[in-house]
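Worksheet for the structure shown next.
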Amino acid sequence: MPKLVRLYITQVAIGFGLAGVFVAMLLWFNIANLWHLVSHSDKGLLAVVILWFANGIVFAGVQFGIAVMRMKDDDDDEPRGGHRQHIMQRDYVAIPVPVDQGHKRTTWRKR
């Protein structure tokens, strides 16, 4: 079996195990009166299985993500930083604007 598949199956099993512990703690501490709802309903076992499975999917995904992110390569000793782009230097230039000084406006005259 390839290493990645073995890693995935192992981490998914750990995630579903953690989800089982989580659901057991929810029932043990009677969060939101969950134990009473499950034990006094004819579909309580189905609700617990669905709760475990849904949490198992989430916990397994998170567990596998953490495992992949923790993998490291030992030959990464070179300096890092990538290829940086040069910063654009701005050259400010005065732009001449022609102004007609022969005609005065009379509409804005102070009275």
Side-chain angles (χ1 to χ4, degrees):
M1 184 181 315
K3 284 176 137 182
L4 186 61
V5 174
R6 183 179 301 140
L7 174 73
Y8 181 73
I9 291 172
T10 305
Q11 299 305 319
V12 167
I14 291 171
F16 272 93
L18 288 173
V21 170
F22 178 72
V23 170
M25 288 176 60
L26 283 177
L27 294 173
W28 179 263
F29 291 116
N30 202 15
I31 304 296
N33 208 13
L34 193 60
W35 174 254
H36 177 75
L37 291 172
V38 167
S39 63
H40 288 71
S41 174
D42 57 343
K43 300 201 180 13
L45 183 61
L46 178 65
V48 170
V49 169
I50 291 173
L51 183 65
W52 170 73
F53 187 71
N55 280 306
I57 291 171
V58 173
F59 279 53
V62 170
Q63 182 68 28
F64 183 66
I66 291 171
V68 167
M69 286 186 270
R70 290 187 60 175
M71 294 171 68
K72 67 176 188 174
D73 198 6
D74 290 337
D75 62 348
D76 288 342
D77 295 333
E78 70 270 358
R80 296 188 173 216
H83 301 290
R84 302 194 188 272
Q85 291 182 338
H86 298 290
I87 298 174
M88 183 177 73
Q89 298 292 327
R90 294 191 174 137
D91 294 330
Y92 295 103
V93 177
I95 300 174
V97 178
V99 177
D100 184 21
Q101 296 193 12
H103 184 272
K104 291 186 179 179
R105 298 182 96 181
T106 57
T107 57
W108 292 97
R109 207 182 298 172
K110 191 173 184 181
R111 297 181 186 200

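Heavy atoms only: backbone and side chains are in, while hydrogens, waters and symmetry mates are out.
- Val23 and Leu45 are members of different hydrophobic clusters when ILVMFWY side chains are connected at heavy-atom separations under 4.5 Å.
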Checklist entry - Are Ile9 and Met1 close enough, and set up right, to give a side-chain contact (heavy atoms from CB on, under 4.5 Å), and what steps lead you there? => result CA-CA 11 Å; Ile9 291 172; Met1 184 181 315; 4.1 Å; yes
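- Here the OG1-NZ distance, from Thr10 to Lys3, works out to 12.5 Å after rounding to the nearest 0.5 Å.
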Please report, to 0.1 Å, the donor-acceptor pairs under 3.5 Å made by any side chain of residues 56-70, with sequence neighbours excluded.
| from | atom 1 | to | atom 2 | distance (Å) |
| --- | --- | --- | --- | --- |
| Gln63 | NE2 | Gln11 | OE1 | 2.9 |

Item to check | Test log, rule ring pair (Phe, Tyr, Trp, His ring centres under 6.0 Å), inputs Trp52 and Phe16 | outcome: CA-CA 8 Å; Trp52 170 73; Phe16 272 93; 5.3 Å; yes
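- Ile14 and Leu4 fall within the same hydrophobic cluster, where Ile, Leu, Val, Met, Phe, Trp and Tyr residues are linked whenever their side-chain heavy atoms come under 4.5 Å apart, directly or through other members.
- No path of Ile, Leu, Val, Met, Phe, Trp and Tyr side chains, each step under 4.5 Å between heavy atoms, connects Val49 with Trp35, placing them in separate hydrophobic clusters.
- Rounding to the nearest 0.5 angstrom, the gap separating the CG atom in Leu51 from the CG atom in Leu46 is 11.0 Å.
- Applying the side chain to side chain contact (heavy atoms under 4.5 Å, CB included) rule to Tyr92 yields the partners Arg90; only residues at least two apart in sequence or on another chain are considered.
- With hydrophobic clusters built from ILVMFWY side chains whose heavy atoms lie under 4.5 angstrom apart, Ile50 does not share a cluster with Met25.
- Residues forming a side-chain hydrogen bond (donor to acceptor under 3.5 Å, both in side chains) with Asn33 (at least two apart in sequence, or on another chain): Asn30.
- For OH of Tyr8, the number of neighbouring non-hydrogen atoms (other residues, nucleotides, ligands) closer than 6.0 Å is 12 at most.
- With a 4.5 Å cut-off on side-chain heavy atoms, Met71 and Leu7 count as touching.
- Linking Ile, Leu, Val, Met, Phe, Trp and Tyr whenever their side-chain heavy atoms come within less than 4.5 Å puts Ile31 and Val48 in one cluster.
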